[in-house]
Amino acid sequence: MQKVRTTLSRCMAVLIIGILTWSTLTVLPQDAKGLTISTIAPSSPHLANTDEICDPEAITIRMNGIPYTYHTSVSNSNQLPALKPLATTSKASAPSVPKGLKVVSIGDGRLDVQWNKNPETDLKHYRLAYKPAGGSYKSVFTSGTSYSLTGLTNGKKYTLKVKAINQAGEESSYCSFVYATPTSSNSDVQVKTLAAGTKYATSMYVINSGKPGPVVMVVGGVHGNEKAGYTAARKISQYKISRGTLLVIPEANQLAIKANRRAAKGYSDLNRSFPQSASQAPKTVLAKAIYGAIKDYDVDWLIDLHEGYDYYKNPKTSSVGQTLIYYPANSTKTTAQAIVNDLNRGISSSIKKFSLLRYPVKGSLARAAGQYLGVRAMIFETCDNPSLSVRVGYHVQAVNKLLSTLNMR
Ligand SMILES: [Zn+2]
């Protein structure tokens with residue numbers, strides 16, 4: 001462009017000096033802001049015997065992205081009326097780079113993206129470019145500020161970027177990249193092994209909603225003879241959630257469950273193996289693995305599913321059957337009370353109603369997580385007198401209430 005202009009002014013000078021005939025560019029607008037000259041037509045041999053390229057018999061100018069060819073008229077005039085605008089030619093301003101590109105939802109072969117609206121009034125559309133890892137870019141154009149990209153490959157990391165284009169066809173630069181990986185409903189669940197390679201190895205289900213939200217851990221089978229807890233946790237491991245992350249360890253203590261005992265013979269009680277001070281480490285390989293998972297996933301809420309041998313409200317026993325025992329911190333009590341109320345609405349016999357207690361026993365998973373890791377933690381206990389299906393129903397109901405209170409289900 002600069003070269004063209006320089007050439008033009010040089011040849012104009014030649015023309016002024018040695019003119020025989022003169023060409024005027026009378027069709028050029030006087031206020032041709034935004035003009036750019038893209039080509040100059042070949043010279044005409046009957047005109048000035050000067051530098052061929054500069055003969056302005058016909059030029060093509062580009063205005064708002066559209067090329068116009070102007071033919072000049074030949075005269076003896078000594079004036080250069082229409083060439084003036086060429087000197088003031090300037091490029092129209094391109095739109096600003098779009099801001100705020102983000103992935104708002106991830107689905108099966110799908111990424112829903114959004115960005116902020118550009119301030120320019122002459123905007124035509126946006127170009128959203130995306131490519132899978134190892135692949136090449138594809139683009140879509142939209143005048144809106146959101147788009148659902150579909151037909152994507154699950155498990156592939158996609159790079160996304162967006163630019164703005166105005167009515168003149170001028171483009172901004174692309175914004176910074178954003179990355180996201182579409183996942184199918186099945187691959188939303190990962191099954192990890194805690195204490196892998198040891199005799200304590202146990203599965204942890206990591207259920208991702210793909211949307212931001214709390215991290216909730218549900219644990220069953222810490223005690224191997226409390227069947228309703230781990231039966232319910234198995235069902236819960238198959239849940240889908242609408243936000244946040246759900247971690248489920250359905251059968252925490254495999255050895256104890258196989259033995260159908262609180263703890264397998266010769267092994268310590270898992271629910272007394274967690275730290276009893278901030279500086280203490282968990283006592284066993286299994287306790288370390290579970291405690292480590294709470295830290296790794298930065299768990300916000302924990303509910304550990306247990307059973308007692310009698311009703312807490314029976315004055316003749318010291319069992320904690322039909323209780324919810326929470327560690328008092330933050331908003332845990334409000335939520336724990338809501339769970340108890342929800343359960344009790346369906347129970348008419350007063351002895352069978354759930355009670356809200358506090359302070360899980362020292363050395364328990366809920367106590368250590370609540371006291372030392374800042375987790376909103378609780379132990380849920382049914383009484384093992386009713387049928388298994390009734391007890392499992394209570395566990396499921398308690399977890400469902402927790403998840404619905406957190407808007408996760
Ligand atoms: Zn227990």
Side-chain angles (χ1 to χ4, degrees), residues 194-195 200 202-204 217-237 247-276 282-284 286-287 289-291 293-294 301-314 317-327 336 339-340 343 352 354-371 375 377-399 402:
L194 301 181
Y200 309 100
T202 192
S203 296
M204 177 170 77
M217 180 183 271
V218 177
V219 185
V222 164
H223 290 146
N225 58 344
E226 299 173 8
K227 198 171 184 181
Y230 64 78
T231 305
R234 282 179 193 153
K235 291 177 188 277
I236 293 158
S237 71
L247 307 171
V248 186
I249 306 172
E251 301 167 16
N253 194 340
Q254 292 286 320
L255 296 177
I257 288 169
K258 276 180 198 126
N260 193 26
R261 291 168 58 100
R262 186 177 176 86
K265 219 169 185 175
Y267 292 88
S268 54
D269 183 344
L270 177 57
N271 221 24
R272 301 293 182 274
S273 302
F274 292 91
Q276 297 193 27
K283 286 180 187 165
T284 66
L286 184 54
I290 296 169
Y291 209 59
I294 293 172
W301 290 84
L302 178 138
I303 185 164
D304 187 15
L305 308 178
H306 286 256
E307 295 205 87
Y309 63 85
D310 206 340
Y311 293 102
Y312 172 73
K313 292 201 178 211
N314 181 357
T317 80
S318 60
S319 180
V320 287
Q322 312 289 81
T323 63
L324 186 60
I325 311 163
Y326 70 101
Y327 184 80
I339 294 169
V340 166
L343 287 157
K352 294 180 182 174
F354 282 82
S355 301
L356 186 62
L357 307 179
R358 64 180 186 180
Y359 291 107
V361 64
K362 281 202 162 214
S364 67
L365 171 61
R367 177 64 176 259
Q371 191 164 3
V375 178
M378 53 189 93
I379 300 175
F380 182 69
E381 299 260 6
T382 51
C383 169
D384 70 4
N385 286 359
S387 69
L388 180 64
S389 66
V390 169
R391 287 142 53 206
V392 170
Y394 289 146
H395 284 274
V396 167
Q397 191 179 342
V399 173
L402 173 61

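Predicted model only: the values in this text are computed from it and were never measured. Heavy-atom basis, side chains included; hydrogens, waters and symmetry copies ignored. Atoms within a ligand are numbered from 1 in the order they appear, just like the ligands themselves.
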For the Zn ion (ligand 1), the closest N/O/S atom belonging to H306: ND1
Atom of H223 closest to the Zn ion (ligand 1), considering N, O or S atoms: ND1
Contacts of H395 that satisfy side chain to side chain donor-acceptor pair (under 3.5 Å) - sequence neighbours left out: T382
Partners passing side chain to side chain donor-acceptor pair (under 3.5 Å) against D269 (at least two apart in sequence or in another chain): H223, R262
Mutual orientation of the aromatic rings belonging to Y291 and F274 [parallel < 30°, tilted 30-60°, perpendicular > 60°]: tilted
E226 N/O/S atom closer than 2.8 Å to the Zn ion (ligand 1): yes
Aromatic ring proximity F380/F354, centre distance under 6.0 Å: yes
